[in-house]
Every structure is written in C-alpha cells, then in structure tokens.
Amino acid sequence: MIEIDLIIEKLKKMHGEPRCELKFSNPLELTVATILSAQCTDERVNRVTESLFKKYKSLEDYINAPIEELEEDIRPTGFYRNKARTLKNVALEIKSRHFGKIPDNIEVLAKIKGIGRKSANMIVGCAYNRPAIIVDTHLRRVAKRIGLTKFDDPQKIENDLKGKIPEDKQLPLSLLLILHGRYVCKARNPNCKKCELITECDYSKKGER
DNA sequence: CTCCCGATAT
DNA sequence: ATATCAGGAG
C-alpha cells in the first residue's frame, strides 16, 4: 500500500511547492518550451526561450519564419532541425484545425504530430491547471525506484498512476517527482543521503533493477 | 529499434 | 571518452 500523501509531504520537504521550471507566460510559450525540452535540460531551454519569446509571439511568427532562421534561433537545444520543423508544423496545425488556440485536452494535443504524451500532459497540466501525469525520463526513473509503478513503458506508467492517484494530486505529484529526479534521485549518483523517501525506497537497498 | 544533436557533468 | 539530458517519429 503506497501512501501518496506521505510521499507528497516528503517531496515538498525536499523541494518546496510543486512547480514547473520551464519559463512561460501563456499556453503557446509552454508548448514551444516543452517541444524544445526533448533531451535537453530546462536550464538550456530557458536560456533559448528568453530571447526566442521576444521574437516569436504568435502562431504566425512560427509559421512565417524561414526554417533556417528558426533553426538558428533554437540550435543550442539540440535536435534543432526536427524541433524547428515540429514547431512550424504544430503552429500550422493549431491555427488551421484548432482555431488558433492551444487545445486543453490531452488526447487532442497528443494527436498533433510532434506532441507526444509527455508534452500533452505538461501543457494541459501546467498551462490549464488540469489533472496530468507527466511521464518524462525523471518521473519514470523515480517512480520505478520508489515502487510507485512496476512498468517501464511511459504510457503504461501513465495509466497505472492515473488509476492510483486522486485527480487533484496527479499534477503536483508529477511536478514533485520530476524535481526530485532532477535534483536528488538523479540518473547518475543519486543523492540518497539527502532523500526523505529512503525508507519507502528499495533502490538504495537493492541497487537498480 | 534507430535517428535526431548540442551542451554539460562525471 | 562517455553518459545523460522535462522526447517523439518512423
């Protein structure tokens, strides 16, 4: 039996209130930041978006930008050719099929080419403040280590946790687990000495899988 | 499974 | 040198 509330309390003790560390001021900005965040630290995304968001303020700005120029503007985030194509694609699709508004529905978002489950959940959760299980590389690693789920596949983890966790706690728990994965329960050299969850975590006892 | 890809920590 | 980083598509 997993005590969700206890885990949330301990995570808050370590990381403070749940928060998204990607900087944004509207749903479009979060969508862009999330696309750029693939295999890239949030810190580097924020460095790029600080200037990017001054230059690109609307869907049309992405749609009309020369692809080479957009590539240069996002280059430091890596995968820049894919990401530039994705940004233009997503902007065009949202303008033409969703009345220019970023959808607030996970299933609808995830159907857009370039937006997967993780990004869809991030956008719906953080831009629209609705229930979301954001299974990124951090949540996946941490959830497995502390025994929150036994699955490896992100979609299965999402479904599993959706069933186990009350809706109002899905978003805060997701954000806290991600913070925990970033700062304490790291892929390399997890800092188990600083971890409040050590008693409910069997990773530190048995070692990884 | 592979590819996309630059930046950073170890 | 190499593993890893708020992934997703083919």
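Here the structure is a predicted model, which is why all the values come from computation and not from measurement.
Looking at heavy atoms from C-beta onward, A/Glu50 lies out of side-chain contact with A/Lys23 at the 4.5 angstrom threshold.
Using a 4.0 Å heavy-atom distance criterion, A/Leu179 is classed as making no nucleic acid contact. Across all strands, A/Thr34 comes closer than 4.0 Å to no nucleic acid atom at all (heavy-atom distances). Looking at heavy-atom distances under 4.0 Å, A/Ile115 makes contact with sugar-phosphate atoms alone, never a base. As judged by a 4.0 angstrom heavy-atom cut-off over every strand, A/Thr86 is placed among residues making no nucleic acid contact.
Separating the CZ atom of A/Arg140 from the P atom of C/dG7 is a distance of 11 Å, rounded to the nearest angstrom. Distance A/Asp152 CG to B/dC1 P: 11 Å, rounded to the nearest Å. What separates CE of A/Met122 from P of C/dG7 is a distance of 9 Å, to the nearest Å. When rounded to the nearest whole Å, the span between CG of A/Asp42 and C1' of C/dG7 equals 15 Å. We find that CD of A/Glu93 is positioned 15 Å from C1' of C/dG8, with the value rounded to whole Å. Separating the CG atom of A/Asp153 from the P atom of C/dG8 is a distance of 13 Å, rounded to the nearest angstrom.
Near DNA chain C, defined here as any heavy-atom distance below 4.0 Å, the residues from residues 12-27 of chain A are A/Cys20, A/Glu21, A/Leu22, listed numerically.
At least one side-chain nitrogen or oxygen of A/Arg141 sits closer than 4.0 Å to the OP1 or OP2 atom of C/dC5.
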For residues 85-93 of chain A, please give each side-chain donor-acceptor pair under 3.5 Å, one per line with the distance, not counting sequence neighbours.
unit_1, atom_1, unit_2, atom_2, d
A/Arg85, NH2, A/Asn82, OD1, 2.9
A/Thr86, OG1, A/Asn82, O, 2.9
A/Lys88, NZ, A/Tyr62, O, 3.0
A/Lys88, NZ, A/Ile63, O, 2.9
A/Lys88, NZ, A/Ala65, O, 2.3

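Map A/Lys113 and A/Leu175 each onto its nearest nucleotide of DNA chain C; the residue landing nearer the 5' end is A/Leu175. Across the interface with DNA chain C, nearest-nucleotide mapping of A/Ile178 and A/Ala110 shows A/Ile178 to be the residue nearer the 5′ end.
Of all heavy-atom pairs spanning A/Ser37 and A/Val45, the tightest one is CA-CG2, 3.6 Å. In this structure, A/Ile4 and A/Lys164 approach most closely via the heavy-atom pair CG1-O, 4.4 Å. Of all the heavy atoms in A/Ile106 and A/Pro131, the pair that sits closest is CD1-O, 4.0 Å. The two atoms that bring A/Asp160 and A/Leu148 nearest to each other are OD2-O, 4.1 Å, heavy atoms only.
For the P atoms, the distance from C/dA1 to B/dC4 is 23 Å, rounded to whole Å. Going from the P atom of C/dT2 to that of B/dC5 covers 22 Å, rounded to whole Å.
Applying the salt bridge (charged side-chain N to carboxylate O under 4.0 Å, His left out) criterion to A/Glu17, with sequence neighbours excluded, gives no partner residue. A/Glu43 pairs by the salt bridge (charged side-chain N to carboxylate O under 4.0 Å, His left out) definition with A/Arg47, not counting sequence neighbours.
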Protein-to-nucleotide contact annotation, 5' to 3' order, nucleotides 4-10 of chain B [B base; S sugar-phosphate only; - none; under 4.0 Å, heavy atom]:
BBBSSBS
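Judged as a salt bridge (Lys or Arg N to Asp or Glu O under 4.0 Å), the pairs with a partner in residues 172-185 of chain A (not counting sequence neighbours) are, in order, A/Glu21-A/Arg182, A/Asp42-A/Arg182.
A/Lys111 and A/Glu107 are not joined by a salt bridge, as no carboxylate oxygen comes within less than 4.0 angstrom of a charged side-chain nitrogen.
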